[in-house]
Amino acid sequence: QVQLVESGGGLVQEGGSLTLSCAASGNFVGINNMGWYRQAPGKQRELVATIVPSGGITNYANSVEGRFAISMDNAKNMVFLKMNSLEPEDTGVYFCNGGFRTTRYSGASNFWGQGTQVTVSS
């Protein structure tokens, strides 16, 4: 019903920048919220940032606040994560996530992208 495809990951030097993109497609009538999560090797998957489309309300993990910025293009159903001043600790697989209303009368259902690798070298 909904597909999420991430892009923009890669290898970057410490202190550099990357912007991740996530495109949503399929059959849905609304988006309640979207976000980015990441998972480092041997660690639990953790929330990075979330955004509510209607008012642009954002939330960030303490470890990335001030360095990362989440945004949306509502017309294109896309969410972005601008990452600045990258650190080796930011290395991991980054996943796009969202709550989508797939029918007029349904609540939101959760969907995940397959992830994109971000590697920050020291």
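All values below come from the heavy atoms of this structure, side chains included, with hydrogens, waters and symmetry mates left out.
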> Within a strict 4.5 Å, meaning less than it, do heavy atoms of the Val120 and Thr91 side chains meet?
Replying inline: yes
> Closest heavy-atom contact between Pro88 and Ser122?
Replying inline: CG-CB, 3.7 Å
>> So, taking the atom named SG in Cys96 and the one named CD in Gln114, what distance separates them when rounded to the nearest 0.5 Å?
In response: 11.5 Å
> Considering all heavy atoms of both residues, which atom of Ala61 and which atom of Leu47 are nearest to each other, and what is their separation?
Replying inline: CB-O, 3.4 Å
> Taking a hydrophobic cluster as the set of Ile, Leu, Val, Met, Phe, Trp and Tyr residues connected by side-chain heavy atoms closer than 4.5 Å, whether directly or through intermediates, do Val12 and Leu81 fall within one such cluster?
Replying inline: yes
> Taking Thr102 as the fixed residue, which of Asn27, Val2, Val29 is the one that meets the side-chain contact (heavy atoms from CB on, under 4.5 Å) rule?
Replying inline: Val2
>> Are Leu86 and Phe80 connected into the same hydrophobic cluster when the rule is that any two of I, L, V, M, F, W, Y join if their side-chain heavy atoms are below 4.5 Å apart?
In response: no
>> Which residue in the set Thr58, Val64, Leu20, Asn59 passes side-chain contact (heavy atoms from CB on, under 4.5 Å) when paired with Ile70?
In response: Thr58
> Any idea which heavy atoms bring Leu4 and Gly98 closest together, and the distance?
Replying inline: CD1-N, 4.1 Å
>> Looking at every non-hydrogen atom in both residues, tell me the closest pair between Gly107 and Arg101 and how far apart they are.
In response: CA-NH1, 3.9 Å
>> Please give me the minimum heavy-atom distance between Gly92 and Gln117, naming the atom from each residue.
In response: O-NE2, 3.5 Å
> Are any non-hydrogen side-chain atoms of Val52 and Asn32 less than 4.5 angstrom apart?
Replying inline: no
>> Rounded at 0.5 Å granularity, tell me how far CH2 in Trp36 sits from OG1 in Thr116.
In response: 7.5 Å
> Shared ILVMFWY cluster between Tyr60 and Met34, side chains joined below 4.5 angstrom?
Replying inline: yes
> Could you walk me through whether Met78 and Ser21 pass the side chain to side chain contact (heavy atoms under 4.5 Å, CB included) check?
Replying inline: CA-CA 7 Å; Met78 296 186 68; Ser21 301; 4.2 Å; yes
> When you look at Thr103 and Phe28, which way does the side chain to side chain contact (heavy atoms under 4.5 Å, CB included) test go after all the steps?
Replying inline: CA-CA 6 Å; Thr103 66; Phe28 56 89; over 6 Å; no
> Are Val79 and Ile51 side-chain neighbours, meaning at least one heavy-atom pair lies under 4.5 Å?
Replying inline: yes
>> Is there a side chain to side chain donor-acceptor pair (under 3.5 Å) between Asn84 and Ser17? Walk through the geometry before answering.
In response: CA-CA 5 Å; Asn84 298 313; Ser17 299; 3.0 Å; yes
>> Quick check with a 6.0 Å cut-off and a 45 degree axis cone: is Arg45 positioned over the face of Phe95's six-membered ring?
In response: yes
>> Once rounded to the nearest 0.5 Å, what's the spacing between atom CG of Asn97 and atom OH of Tyr37?
In response: 5.0 Å
> Do Arg67 and Met83 pass the side chain to side chain contact (heavy atoms under 4.5 Å, CB included) test, and can you show the C-alpha distance, the side-chain angles, and the key distance before you say yes or no?
Replying inline: CA-CA 6 Å; Arg67 298 188 297 118; Met83 304 184 294; over 6 Å; no
> What pair of heavy atoms forms the shortest contact from Asp90 to Ser85, and how long is it?
Replying inline: OD2-O, 4.5 Å
> Roughly how far, to the nearest 0.5 Å, is the OG1 atom of Thr119 from the CD atom of Gln13?
Replying inline: 13.5 Å
> Roughly how far, to the nearest 0.5 Å, is the CD atom of Gln3 from the OG atom of Ser25?
Replying inline: 4.5 Å
> Okay, side chain of Gln39, backbone of Val93: is any donor-acceptor separation there less than 3.5 Å?
Replying inline: no
> To the nearest 0.5 Å, how far apart are CZ in Phe68 and NZ in Lys82?
Replying inline: 11.0 Å
